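Notes to accompany the following structure.
All values derive from a computational prediction rather than experimental measurement.
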Amino acid sequence: FSPNEAQPLTPIVEEVFTKGIPVVVLDRKTASNLYTSFVGADNYQIGQLAATYIAHMLSGKGNIIEIVGLPGSTPAIEREKGFSDGLRQYPNLKIISEVYGNWLKDKASSQLEKNIDKLSRADVVFAHNDLMALGAQEVAQKNKLTNRIRFVGVDGLPGPGAGIEFLSDKILTATVLYPTGGEEAIQTALKILNKEPF
C-alpha cells in the first residue's frame, strides 16, 4: 500500500503487521517502522538534486517559489527538507514563497493565483510533481510571466499529459526522475510469500 499521509494509516499498518501479515509499503512511509519492507525512491535526495540543478541553472542567484505536495505526506516532507538543505550552500538563492499544492494541478494553480506578486518576482518555480509545475506554468502564462520564469517538476513520467511530454513541449525546463517502484514492490512481495531473502 501507499499511504497518502504518514499518520492516519499508521495504527492500521501496525495492527496488521503485529498479526504476522507481511506489509510492503510503497512510495510513501507511515509514521512507524512496523512494516516488512519499504519500496521507494529517496525523496530527500530528489529535493537535493533539484536544488543543485536550480543553483547551476541560475548561477547561484535568484528567487524561487516552491510548491510542496500534501502536508503530512512523507515525499513532501522529505523533498522539502532535501531542497532546503541543498540550497544552504547558495546564500543568494532565496525561497520567496512556499505554497501547498496537495499534489494537484488545480490546487497549485489556485495557490499561485493568490501569490501573483511573488510569482512575478520569481526566477524559477520548483514543484514537487510535474502536474503542479504545469499548473504553475499555466498561471504564469495567463499573467504573461512565462518569458522570465523557469519551471522544474518531479516524476518524469512518459506518456501523454506527463512530465516527459511537458519537457518536449517546453512547458517545463526540467523534471527530476522519480522511479515508481511498482515492479520492485511486486518482486519483493513474491519473495516474502516464497520465504526468500528480500
side-chain contact (heavy atoms from CB on, under 4.5 Å), paired with Ile65, selected from Leu112, Ile149, Asn115, Ile95: Leu112
Once side-chain hydrogen bond (donor to acceptor under 3.5 Å, both in side chains) is applied, what residue pairs with a partner in residues 89-102 remain, sequence neighbours excluded? none
Please, which pairs that meet side-chain hydrogen bond (donor to acceptor under 3.5 Å, both in side chains) have at least one residue in residues 16-26, sequence neighbours excluded?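 Residue pairs passing side-chain hydrogen bond (donor to acceptor under 3.5 Å, both in side chains), neighbours aside: Glu15-Lys19.
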Give a yes-or-no answer on whether the side chains of Asn129 and Tyr178 include a donor-acceptor pair shorter than 3.5 Å.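 Judged by distance alone, the side chains do not pair up.
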Which donor-acceptor pairs under 3.5 Å do the side chains of residues 130-139 make with protein atoms, sequence neighbours left out?
unit_1	atom_1	unit_2	atom_2	d
Asp130	OD1	Val154	N	3.0
Asp130	OD1	Thr175	OG1	2.7
Asp130	OD2	Gly156	N	2.9
Asp130	OD2	Thr175	OG1	3.0
Glu138	OE1	Lys105	NZ	3.1

Please say yes or no: joined through hydrophobic side-chain contacts below 4.5 Å, possibly via intermediate residues, are [X] and [Y] part of one cluster?
X	Y	value
Trp103	Ile67	yes
Val176	Leu157	no
Ile96	Phe126	no

Considering only heavy atoms from C-beta outward, does the side chain of [X] approach that of [Y] to under 4.5 Å?
X	Y	result
Val99	Lys114	no
Phe17	Ser32	no
Asn43	Thr74	no
Leu119	Glu113	no
Ile54	Val152	yes

Between [X] (side chain only) and [Y] (backbone N and O only), is there a donor and an acceptor less than 3.5 Å apart?
X	Y	value
Arg150	Thr173	no
Thr10	Ala31	yes
Ser84	Lys81	no

Among all residues two or more places apart in sequence or in another chain, which pass the side-chain contact (heavy atoms from CB on, under 4.5 Å) test with Asn147?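 Listed in chain order: nothing, the list is empty.
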For Asp123, give me all partners under side-chain contact (heavy atoms from CB on, under 4.5 Å), at least two apart in sequence or on another chain.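 Partners of Asp123 by the side-chain contact (heavy atoms from CB on, under 4.5 Å) criterion, ordered by chain and then number, come out as Leu58, Asn63, Arg148.
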Listing, residues 184-198 side-chain donor-acceptor contacts under 3.5 Å, not counting sequence neighbours, or none:
unit_1	atom_1	unit_2	atom_2	d
Gln187	NE2	Glu183	OE2	3.2
Thr188	OG1	Glu184	O	2.8
Asn194	ND2	Leu190	O	3.1

Gln45 CD to Glu78 CD distance, which is reported to the nearest 0.5 Å: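 The CD atom of Gln45 sits 11.5 Å away from the CD atom of Glu78.
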Calculate, to the nearest 0.5 Å, the distance between atoms CZ and CG belonging to Phe83 and Leu49 respectively. 11.0 Å
